[in-house]
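Quick notes on the structure that follows.
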Amino acid sequence: MQLLVLHGPNLNLLGTREPGLYGSATLEQINAALRERAMALGAGIDCFQSNHEGELVDRIQAARGQTAGILINAGAYTHTSIALRDALLAVAIPYVELHLSNTHARETFRHHSVLADRAVGVICGFGPASYGLALEGLVSHLRAQV
């Protein structure tokens, strides 16, 4: 089972970006922990980060026929990107939306996601553990579909 992990804008700054809100783990540390956990679950993962919406759309489209499921932390694009939503729907790959912080406990503009209503599930508020929870949920969902 091959999975894709997409990290949106500013996530490359994890570890130094607002550690009180996002924690001290770097993106590389999160990816390494995800690879280890995925291997234990019998899955492989490909991790990709971009600050550019079009690059994320391109990576989603490239996953068609190659990827069983997607974990996506779209960052600020969660609240604005119809392009990401359309790409996810176009490839028809099950996805889980995730966030390090609890978006519902933050600014009002972060309370709405343009991705959530078509996601398998949404995980938020558990810091770096959100990634592992999302991975386990997605793998469980995919195995139930077989």
### Qualifying residues under side chain to side chain contact (heavy atoms under 4.5 Å, CB included), relative to N12, sequence neighbours excluded
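Residues passing side chain to side chain contact (heavy atoms under 4.5 Å, CB included) with N12: Q49, N51.
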Is [X] reaching over with its side chain to a backbone N or O of [Y], donor-acceptor style, under 3.5 angstrom?
X	Y	value
R64	V91	no
Y77	E53	yes
S50	E55	no
H111	R106	yes
Q29	T26	yes

Do the non-hydrogen side-chain atoms of [X] and [Y] ever get within less than 4.5 Å of each other?
X	Y	answer
F126	L133	yes
I70	R59	no
S130	H99	no
L84	L56	yes

### Message
Let's go through V122 and V96 carefully: what are the C-alpha distance in whole Å and the side-chain angles of both, what is the deciding distance for side-chain contact (heavy atoms from CB on, under 4.5 Å) to 0.1 Å, and is it a yes or a no?
### Response
CA-CA 6 Å; V122 178; V96 172; over 6 Å; no
Let me confirm one number: the [atom1]-[atom2] distance from [X] to [Y], rounded to the nearest 0.5 Å.
X	Y	atom1	atom2	value
L3	R35	CG	CZ	12.5 Å
L14	L11	CG	CG	5.0 Å
L27	C47	CG	SG	7.5 Å
H79	S113	NE2	OG	7.0 Å
I60	F48	CD1	CZ	10.0 Å
N31	I45	CG	CD1	6.5 Å

Minimum heavy-atom distance [X]-[Y], with the two atoms named:
X	Y	answer
P9	A74	CD-O, 3.4 Å
L98	A134	CD2-CB, 3.7 Å
C124	S101	CB-O, 3.4 Å
P128	A25	CG-CB, 3.8 Å

#### Entry: Residue pairs fulfilling side chain to side chain donor-acceptor pair (under 3.5 Å) with at least one residue in residues 136-146, sequence neighbours excluded
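Residue pairs with at least one partner in residues 136-146: R37-E136.
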#### Entry: Distance-only side-chain donor-acceptor flag, T78 / E97, under 3.5 Å
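No donor-acceptor contact under 3.5 Å links the two side chains.
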### Query
When you check the side-chain N and O atoms of T67 and Q2, is any donor under 3.5 Å from an acceptor?
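There is no such pair (donor and acceptor under 3.5 Å, judged by atom type) between the side chains of T67 and Q2.
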Kindly work out whether a path of hydrophobic side-chain contacts (I/L/V/M/F/W/Y, heavy atoms less than 4.5 Å apart) joins [X] to [Y].
X	Y	value
L6	M1	no
V139	L4	no
Y95	I123	no

### Query
Considering residues at least two apart in sequence or located in another chain, which fulfil the ring-ring contact (aromatic ring centres under 6.0 Å, His included) criterion with Y131?
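With sequence neighbours excluded, Y131 shows a ring-ring contact (aromatic ring centres under 6.0 Å, His included) to H7, given in chain and number order.
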### Message
So if I apply the side chain to side chain contact (heavy atoms under 4.5 Å, CB included) rule between L88 and each of V57, I72, I93, which one comes out positive?
### Response
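Filter result, single survivor: I72.
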